[in-house]
Amino acid sequence: NAGVTQTPKFRVLKTGQSMTLLCAQDMNHEYMYWYRQDPGMGLRLIHYSVGEGTTAKGEVPDGYNVSRLKKQNFLLGLESAAPSQTSVYFCASSMEEAGANVLTFGAGSRLTVL
Amino acid sequence: KNQVEQSPQSLIILEGKNCTLQCNYTVSPFSNLRWYKQDTGRGPVSLTIMTFSENTKSNGRYTATLDADTKQSSLHITASQLSDSASYICVVSGMIKAAGNKLTFGGGTRVLVKP
């Protein structure tokens with residue numbers, strides 16, 4: 001059982017480039033989330049999805065877009081990368097709403113924007 | 001604003017010793033509190049989850065306590081092992097969403113266990 005898988009694990013971008021992070025889960029979870037983790041700070045929610053075909057903004061959505069065309073996949077896109085988006089990105093999923101359920105996290109994707 | 005503060009930021013302990021990590025929060029109204037363990041280069045993994053009515057919960061050598069009146073929690077690691085070297089994150093769930101989010105994450109305590 002793979003759980004939550006993120007690709008790629010590492011990526012270096014130049015300012016202004018675009019890229020997509022892929023998150024896949026095989027637990028049939030309804031809810032999926034994208035977080036970013038910066039040194040000394042708690043994880044912050046970027047976007048989330050409560051089911052296939054739905055997306056919603058979290059705390060820090062600016063500069064990111066997401067899509068959930070299939071229940072098992074949740075994509076995070078950066079249209080024009082900025083150095084402030086250098087971070088480690090974590091995807092997570094849960095069967096029900098995160099407030100009541102434990103999240104299952106992926107291993108993270110480290111992004112550096114030069 | 002909901003906040004979760006963890007202390008210390010980091011600590012070093014010798015293998016076999018015990019340690020206690022602290023978590024103070026301002027989240028209100030409160031739903032539950034979780035402790036996660038995050039190994040270097042990995043995603044967080046759940047250790048415990050406690051609701052308002054629970055004041056102690058154990059998972060092997062990890063014991064979490066909760067005082068909902070003072071809004072404090074602690075995570076006690078007994079007889080530490082080298083594999084306990086990780087960051088420990090306190091996460092508090094409120095009952096009200098803020099920007100679609102009920103969870104407030106602490107910044108973590110980094111624990112290093114030395115032989």
Side-chain angles (χ1 to χ4, degrees), chain A residues 2-10 21 23-25 27 31-51 54-62 64 66 87-110, chain B residues 1-10 21 23-52 54 57 59 64 86-110:
Chain A
V4 177
T5 303
Q6 293 181 229
T7 53
K9 293 190 186 312
F10 302 94
L21 299 178
C23 176
Q25 53 96 1
M27 298 170 286
Y31 292 72
M32 296 187 74
Y33 315 84
W34 276 106
Y35 290 90
R36 60 177 289 172
Q37 185 176 43
D38 299 298
M41 298 180 67
L43 276 77
R44 292 180 292 169
L45 182 65
I46 304 171
H47 285 281
Y48 65 101
S49 167
V50 302
T54 75
T55 63
K57 294 181 179 179
E59 302 169 70
V60 289
D62 294 343
Y64 305 95
V66 288
S87 188
V88 182
Y89 293 86
F90 287 96
C91 177
S93 69
S94 61
M95 180 59 73
E96 297 177 3
E97 193 270 325
N101 266 236
V102 171
L103 297 177
T104 300
F105 285 88
S109 298
R110 181 175 294 275
Chain B
K1 180 181 177 182
N2 289 334
Q3 289 187 312
V4 175
E5 300 289 339
Q6 293 187 241
S7 62
Q9 282 192 321
S10 63
L21 315 180
C23 172
N24 296 335
Y25 62 92
T26 63
V27 178
S28 182
F30 168 86
S31 176
N32 59 71
L33 184 145
R34 308 110 181 262
W35 282 93
Y36 281 83
K37 178 186 180 187
Q38 184 178 18
D39 292 316
T40 301
R42 306 296 297 272
V45 175
S46 178
L47 290 175
T48 64
I49 179 169
M50 290 184 290
T51 60
F52 183 90
E54 297 173 297
K57 184 164 279 191
N59 178 356
S87 287
Y88 294 84
I89 301 172
C90 177
V91 185
V92 180
S93 177
M95 291 187 178
I96 299 173
K97 282 187 179 181
N101 190 20
K102 287 186 178 180
L103 301 181
T104 303
F105 288 78
T109 293
R110 185 178 297 273

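Protein chains get the first letters and strands the later ones, always in sequence-line order, with residue 1 at the start of each. Values in this document were obtained by computation on a predicted structure and should not be read as measured data.
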How about B:W35 and B:N59: do any of their side-chain heavy atoms sit closer than 4.5 Å? no
Decide yes or no for A:S87 and A:Y89: does some side-chain heavy atom of the first lie under 4.5 Å from some side-chain heavy atom of the second? yes
Would you mind telling me which of B:G106, B:S46, B:P44, B:S31 has the largest number of heavy-atom pairs within less than 4.5 Å of chain A?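 Winner by heavy-atom pair count: B:P44.
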Is A:Q37 in contact with chain B via its backbone, its side chain, both, or neither, using a 4.5 Å heavy-atom distance?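 When you check distances to chain B, only side chain atoms of A:Q37 fall under 4.5 Å.
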Chain A contact via B:Q6 - which portion, at a heavy-atom distance below 4.5 Å: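 B:Q6 has no heavy atom closer than 4.5 Å to chain A.
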Parallel, tilted or perpendicular: rings of B:Y36 and A:F105 (30°, 60°):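 Taking B:Y36 first and then A:F105, their aromatic rings stand perpendicular (interplane angle over 60°).
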Relative to each other, are the rings of A:Y33 and A:Y48 parallel, tilted or perpendicular (30° and 60° limits)?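 Taking A:Y48 first and then A:Y33, their aromatic rings lie parallel (interplane angle under 30°).
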